[in-house]
Amino acid sequence: LSRMTRHFAVVGSGSIGIGWAIVFARAGNTVKVYDLEQSRLDIFTQGVNERLQVLQEEGLLNEGADIVCSRISTSLDLAESLEGAEYIQECAPEQLEIKKALFATLEALASNSAIIASSSSALKISSFTSDLSTRTRCLVVHPGNPPYLLPVVEVVPASFTSGDTVARAQEILRELNMSPILVMREIEGFVFNRLQGAMLREAYALVEEGVVDPIDLDIVVTQGLGRRWSVVGPFGTSTLNVEGGITAHVARMGESYYRMGADRGQSERWSDELVEKIAASMEGLFLNDKWTENVNRRDRALMKLNRLITDNGELNFYQK
């Protein structure tokens, strides 16, 4: 179904700004990108052109790269960039004072109905917008990088962000073929970076302790955990690894994982209530009475992925 074209503004022309501009324009929208210096915008334009060309070569655009690029324009005038924008994506450096000053300016210049979203990777929206009179329309919308290849995006409202803002942001993101994930309360690093950070901390520790070589650790992830997680996530993996789902998996492996955590000073046990909550959620997606069917479906997905990787040597950075 056809829909009206939206106008987006991107404030900050670095790598995340490039990524968001492509996401917005690829979906048929117009985008105005602002930065402080023309040299930065020149680098931005070159980066957009290069990435769109590669996306076209890989068959990931529904129209020509030049058509998508034509929807993106740049400006050194912030007020001009924001004119007519119903959604603004801030992509400034991850520094509290910069974001605080910038959001005050955005509030003054933007349409009163415009959503103002931050690409913050860890800073909470409440830490730099709580003093704004229109703070109810502010929230974090944190992408994976690059967002034109990783569709997941975290929607992180503050306690003062309006429900309408959250709903509108999610609706717009879905129109862009993104997968918005609602983070239900503010927490530093949100979900993406906390999960990534937990694995990085253990990875550094294992190398420091002489357990594994850094390259071999990356192979464990790319040819094991990461490959499997690209089909089913950690909870889905646990559900399908043991017949009987999450509850059976915890009964079998819970004590081992507890000891591993305690070895790192994390001595919290998974409570029965927590296990039941997660099991109920997973049971809604992976019905226990269809366990074998779901395992076969996972395996077929991995077979297709393995064939793709085997047929494309460039997908394997860690050949030995």
Side-chain angles (χ1 to χ4, degrees), residues 3-45 47-48 68-120 123 125-143 147 153 155-158 160-162 164-173 175-176 178:
R3 61 169 180 79
M4 58 177 271
T5 298
R6 298 186 186 275
H7 178 60
F8 292 80
V10 174
V11 180
S13 64
S15 60
I16 295 299
I18 289 173
W20 274 122
I22 290 173
V23 167
F24 299 148
R26 182 176 60 183
N29 304 290
T30 58
V31 190
K32 181 65 70 78
V33 180
Y34 165 81
D35 214 320
L36 294 166
E37 299 174 4
Q38 185 61 46
S39 59
R40 296 180 187 177
L41 293 176
D42 292 341
I43 293 171
F44 164 87
T45 300
V48 166
V68 177
C69 194
S70 71
R71 301 189 184 111
I72 303 171
S73 57
T74 61
S75 178
L76 295 171
D77 185 327
L78 182 56
E80 179 197 8
S81 301
L82 302 179
E83 188 175 347
E86 59 183 292
Y87 180 103
I88 300 161
Q89 189 74 39
E90 171 267 316
C91 304
E94 191 84 354
Q95 296 178 30
L96 183 60
E97 292 308 314
I98 289 177
K99 289 186 184 292
K100 183 174 287 190
L102 179 55
F103 264 74
T105 303
L106 293 176
E107 178 184 55
L109 296 177
S111 161
N112 288 334
S113 61
I115 292 171
I116 310 179
S118 174
S119 299
S120 170
L123 294 173
I125 195 71
S126 61
S127 69
F128 52 90
T129 65
S130 58
D131 294 335
L132 300 182
S133 60
T134 62
R135 59 186 178 275
T136 59
R137 48 133 163 209
C138 299
L139 75 172
V140 165
V141 176
H142 171 240
V153 58
V155 176
V156 195
F160 52 70
T161 306
S162 73
D164 177 66
T165 296
V166 175
R168 285 172 57 209
Q170 290 176 304
E171 177 186 359
I172 290 169
L173 291 164
E175 287 179 4
L176 301 170
M178 302 296 279

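- A25 approaches I72 most closely through the heavy-atom pair CB-CG1, 3.6 Å.
- Distance check, rounded to the nearest 0.5 Å: OG of S126 to CZ of R135 gives 11.0 Å.
- When all heavy atoms of L132 and A104 are compared, the closest pair comes out as CD2-CA, 3.8 Å.
- Side chain of E90 to backbone of A92: a donor-acceptor contact under 3.5 angstrom is found.
- For the atom pair CZ of R137 and OG1 of T161, the computed distance is 12.0 Å after rounding to the nearest 0.5 Å.
- Put simply, the side chain of P143 reaches to within 4.5 Å of the side chain of I16, judged on heavy atoms.
- Residue pairs meeting the ring pair (Phe, Tyr, Trp, His ring centres under 6.0 Å) criterion with at least one partner in residues 98-120, sequence neighbours excluded, are F103-F128.
- Ring geometry for F8 versus F24: interplanar angle under 30°, hence parallel rather than tilted (30 to 60°).
- Note that the CD1 atom of I22 and the SG atom of C69 stand 8.5 Å from one another [nearest 0.5 Å].
- Counting only heavy atoms from C-beta outward, the side chains of T165 and P157 never approach each other to under 4.5 Å.
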> Going through the checks in order, is the salt bridge (Lys or Arg N to Asp or Glu O under 4.0 Å) test met by R6 and E175?
Replying inline: CA-CA 10 Å; R6 298 186 186 275; E175 287 179 4; 2.8 Å; yes
> Should V10 and I18 be marked as a side chain to side chain contact (heavy atoms under 4.5 Å, CB included) after you check the CA-CA gap, both sets of side-chain angles, and the distance that decides it?
Replying inline: CA-CA 9 Å; V10 174; I18 289 173; over 6 Å; no
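- Nearest heavy atoms, S75 versus S81: CB-OG, 3.4 Å.
- Nearest heavy atom pair, residue V141 against residue Q89, reads O-NE2, 3.1 Å.
- In this structure, CG on L36 lies 9.0 Å from CG on L78, to the nearest 0.5 angstrom.
- Remark: E83 CD is loosely packed, at most 12 non-hydrogen atoms of other residues, nucleotides or ligands lying under 6.0 Å away.
- A heavy-atom distance below 4.5 Å is found between the side chains of N29 and L176.
- The minimum heavy-atom distance between R168 and S113, with the atom names listed, is NH2-O, 3.0 Å.
- Distance check: I172 CD1 to I115 CD1 gives 4.5 Å after rounding to the nearest 0.5 Å.
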>> Please evaluate residues V156 and I125 with respect to the criterion side chain to side chain contact (heavy atoms under 4.5 Å, CB included), reporting the C-alpha separation (whole Å), side-chain torsions for both, the decisive distance (0.1 Å), and the verdict.
In response: CA-CA 8 Å; V156 195; I125 195 71; over 6 Å; no
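- Considering only heavy atoms from C-beta on, S120 comes within 4.5 Å of E94 through its side chain.
- Residues V23 and M178 come closest through the heavy atom pair CG1-SD, 4.0 Å.
- Counting only residues at least two apart or on different chains, the side-chain hydrogen bond (donor to acceptor under 3.5 Å, both in side chains) pairs with a member in residues 13-28 are S13-D35, W20-S119.
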> After noting the C-alpha distance and the side-chain angles of T45 and V33, does the key distance pass the side chain to side chain contact (heavy atoms under 4.5 Å, CB included) rule?
Replying inline: CA-CA 10 Å; T45 300; V33 180; over 6 Å; no
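- Under the 4.5 Å side-chain criterion, counting only non-hydrogen atoms from C-beta, L82 is in contact with V11.
- Annotation: side chain of L96 is in contact with side chain of S127 (closest heavy-atom distance under 4.5 Å).
- The OG1 atom of T105 lies 13.5 Å from the NZ atom of K100; values are rounded to the nearest 0.5 Å.
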